[in-house]
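Just so you know, these numbers use all the heavy atoms, side chains as well, and skip hydrogens, waters and symmetry mates.
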Amino acid sequence: MLARKGLLPDGFLLTRLAEDATHPNRFRSKSQRARFITKTGSCNVAHKNIREQGRFLQDVFTTMVDLKWQHSLLIFTSAFLCSWMLFAMVWWLLAFAHGDLEPRDHNDIGHVPCVTAIHSFTSAFLFSIEVQVTIGFGGRMVTEECPLAITVLIIQNILGLIINAVMLGCVFMKTAQANRRAETLIFSRNAVIAPRNGRPTFMFRVGDLRKSMIISATIQLQVIRRTVTAEGEVIPVCQLDVQVENPLRSNGIFLVSPLIVSHTIDRSSPLYDISAQSLNNEDLEIIAILEGVVETTGITMQARTSYTPEEIRWGRRFVSIMTEEEGRYCVDYSKFGNTVPVRMPALSARELDATRGVQERGPSEGQPQGWGLVRAGRGGYRRGGRTCDGSAATPRPWYAPTEKEEEKGTPAQKKGHKKMVKLEEIGREIRQESIEEMSD
């Protein structure tokens with residue numbers, strides 16, 4: 001649709017098709033899974049057995065705005081036709097009661113009708129249209145003979161203004177809905193999980209095709225999955241917030257060019273236990289919500305999409321699509337969803353932390369503990385400097401060099417030269433300076 005409107009080049013869609021054909025999902029499930037949010041952003045939820053249908057009539061304006069265009073146009077036309085027919089019947093009854101419909105001689109000036117030139121229901125219907133839409137052809141008009149006719153004229157004018165305001169307001173709101181602006185906000189079809197700064201990171205790309213910006217844009221991620229409580233209660237829809245990677249600790253973004261939104265998979269992440277093998281078996285859906293204010297209209301808009309396990313690619317990252325040409329930045333949207341493979345283990349973030357010897361601290365101890373299993377001699381293992389059999393041993397962190405490593409070294413180091421040793425300790429760095437090794 002965007003390609004037909006000229007907003008996206010044809011190469012963008014061709015690249016998407018070539019990408020899907022080149023990198024098919026090997027783990028695609030045979031049966032299509034249900035999802036709460038479709039790729040276009042609409043909610044895939046059907047409401048059934050609603051008994052209190054009258055609640056929708058209490059908010060008629062919102063109900064009419066939510067209707068489809070064909071239904072709205074039908075109501076729009078029916079409202080005017082019904083009002084014209086209703087007041088045409090009223091004008092015809094007034095003329096009939098006053099005797100204006102009886103055949104008379106044109107030279108008879110003694111009888112003054114309530115409304116001139118009304119001889120049938122057709123002429124009354126034409127007069128009703130003239131009154132409500134204020135056309136006024138001049139052939140028909142209300143006289144001073146009937147005060148009731150003047151009252152009906154006032155009521156029809158007021159009711160016609162109300163109908164015009166409601167109908168035109170509904171049409172305007174439907175054309176200026178916030179989801180129309182979301183048509184030019186695009187998300188990458190697939191999300192990726194790749195290492196970034198040494199940590200597995202969930203990433204997807206979002207871009208804006210218009211030059212007018214989205215003011216105060218914020219991005220929000222939620223994970224929807226089926227969970228079971230400790231009491232055995234099954235929660236089919238459990239929503240979990242996901243922290244978006246941002247140095248300011250906020251979800252605000254500056255969407256002047258396509259951005260890669262990332263989420264670091266750590267201990268607090270719902271994706272902490274997901275590995276490459278278990279990804280396809282996970283029953284979850286990651287929903288991305290972009291909110292902001294349209295710069296030209298000031299209307300708050302929202303764009304949505306979702307990613308199922310079949311649409312998350314492990315061990316891939318997005319290619320760069322921005323270049324600098326002639327003093328300005330250029331974006332190549334034909335590569336918007338392209339990805340390249342990267343080296344990444346198939347282990348989950350929890351397994352990677354266990355492999356690296358990273359575990360949580362104790363509630364009352366300030367020093368790191370629980371460094372994982374470490375070889376402790378012949379057939380024994382120790383955890384955090386203590387062997388598993390409980391015998392005391394000298395605490396030795398995992399990053400400290402062994403005795404054999406200490407014996408090794410360059411001749412220059414053995415002659416007393418200074419060296420810098422950088423040590424890492426779970427979230428903080430210890431720098432040991434001016435260490436001299438005296439030679440024998």
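For the pair Ser269 (side chain) and Leu271 (backbone), a donor-acceptor distance under 3.5 Å is present. A donor-acceptor pair is defined here as one N or O able to donate and one able to accept, closer than 3.5 Å; no such pair exists between the side chain of Glu282 and the backbone of Pro309. In this structure, Gln239 contributes its side chain and Gln222 its backbone to no donor-acceptor pair below 3.5 Å. Within the 3.5 Å criterion, the main-chain N or O of Cys114 finds a donor-acceptor partner in the side chain of Asp100. Side chain of Lys39 to backbone of Arg189: a donor-acceptor contact under 3.5 angstrom is found. For the pair Thr184 (side chain) and Leu209 (backbone), a donor-acceptor distance under 3.5 Å is absent. The main-chain N or O of Pro345 is found under 3.5 Å from a side-chain atom of Trp314 such that the two form a donor-acceptor pair. Within the 3.5 Å criterion, the main-chain N or O of Phe80 finds a donor-acceptor partner in the side chain of Ser83. Judged by distance alone, with hydrogens and angles left aside, the side-chain atoms of Arg225 form a donor-acceptor pair with the main-chain N or O of Pro270 at under 3.5 Å. Side chain of Ser128 to backbone of Ala124: no donor-acceptor contact under 3.5 angstrom is found.
Note: Trp92 and Phe96 meet the aromatic proximity criterion, with ring centroids under 6.0 Å apart.
When all heavy atoms of Arg316 and Ala194 are compared, the closest pair comes out as O-CB, 3.2 Å. Of all heavy-atom pairs between Ile135 and Val133, the closest is CG1-CG2, 3.1 Å. For the residue pair Lys174 and Val65, the shortest heavy atom distance occurs at NZ-O, 3.1 Å. Heavy-atom minimum distance, Ala149 versus Leu94: CA-CD1, 3.9 Å. Between Glu285 and Thr308, the shortest heavy-atom contact is CG-CG2, 4.4 Å. Here the closest non-hydrogen pair linking Ser42 and Arg304 is CA-NH2, 4.5 Å.
Note: His98 and His111 have tilted aromatic rings, judged against thresholds of 30 and 60 degrees for the angle between ring planes. Phe202 and Phe204 have tilted rings, their planes meeting at an angle from 30° to 60° on a 0 to 90° scale.
Summarising the geometry, atom CG belonging to Leu81 is positioned 10.5 Å from atom CZ belonging to Phe76; distances are rounded to the nearest 0.5 Å. We find the NZ-CD distance between Lys211 and Glu295 to be 13.0 Å, quoted to the nearest 0.5 Å. The structure places CD1 of Ile215 at 10.5 Å from CZ of Phe254, a figure rounded to the nearest 0.5 Å. Between the CD atom in Gln132 and the CG atom in Leu159 there is a gap of 6.5 Å [rounded to 0.5 Å]. Taken to the nearest 0.5 Å, the OG1 atom of Thr323 stands 10.0 Å off from the CZ atom of Arg328. One distance of note links CG of Leu352 with CG of Leu347; it measures 5.0 Å at 0.5 Å rounding.
By the side-chain hydrogen bond (donor to acceptor under 3.5 Å, both in side chains) test, Thr296 is found to be paired with no residue, residues two or more places apart in sequence or in another chain being considered.
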Go through it in stages, so that I can follow the logic: the residues are Met301 and Leu185, the test is side-chain contact (heavy atoms from CB on, under 4.5 Å), and I'd like the CA-CA distance, side-chain angles, deciding distance and then a yes or no. CA-CA 11 Å; Met301 55 78 58; Leu185 290 173; 3.0 Å; yes

Could you go step by step and tell me if Asp208 and Met213 meet the side-chain contact (heavy atoms from CB on, under 4.5 Å) rule? CA-CA 8 Å; Asp208 188 4; Met213 296 181 56; 5.7 Å; no

Set out, in order, the CA-CA distance, both residues' side-chain angles and the distance that settles side-chain contact (heavy atoms from CB on, under 4.5 Å) for Ser257 and Met322, then state yes or no. CA-CA 9 Å; Ser257 63; Met322 183 175 293; 3.1 Å; yes

Show your reasoning for whether side-chain contact (heavy atoms from CB on, under 4.5 Å) applies to Arg226 and Val234. CA-CA 7 Å; Arg226 178 178 178 273; Val234 178; 3.5 Å; yes

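Other residues, nucleotides and ligands contribute over 12 non-hydrogen atoms within 6.0 Å of the CG atom of Asn44. Within 6.0 Å of CE on Met89 lie no more than 12 heavy atoms contributed by other residues, nucleotides or ligands.
Each of Ile265, Leu284, Asn281, Ile312 was evaluated against Ile274; a single residue qualifies, Leu284, per the side chain to side chain contact (heavy atoms under 4.5 Å, CB included) test. Put simply, the residue from Arg181, Gln220, Glu291 that forms a side-chain hydrogen bond (donor to acceptor under 3.5 Å, both in side chains) with Gln302 is Glu291.
For the ring pair (Phe, Tyr, Trp, His ring centres under 6.0 Å) condition, no pair includes a residue of residues 144-183, sequence neighbours left out. Pairs engaging residues 130-152 under the salt bridge (charged side-chain N to carboxylate O under 4.0 Å, His left out) rule: Glu130-Arg140 [sequence neighbours left out].
A 4.5 Å side-chain heavy-atom check between Thr62 and Phe56 finds every atom pair outside the cut-off. Side-chain contact between Tyr333 and Val331: present, with at least one pair of heavy atoms (C-beta onward) separated by less than 4.5 Å. No side-chain heavy atom of Leu290 sits under 4.5 Å from any side-chain heavy atom of Val261. Contact check for Phe127 versus Thr116: no side-chain heavy atoms found under the 4.5 Å cut-off. Considering only heavy atoms from C-beta on, Ser188 stays 4.5 Å or farther from Met203 through its side chain. Counting heavy atoms from C-beta outward, Arg210 and Val294 have side chains that stay 4.5 Å or more apart. No side-chain heavy atom of Ile224 sits less than 4.5 Å from a side-chain heavy atom of Ile37. Side-chain contact between Phe61 and Cys170 is present, with at least one heavy-atom pair separated by less than 4.5 Å.
A salt bridge links Glu311 with Arg35: the closest approach of a Lys/Arg side-chain nitrogen to an acidic carboxylate oxygen falls below 4.0 angstrom.
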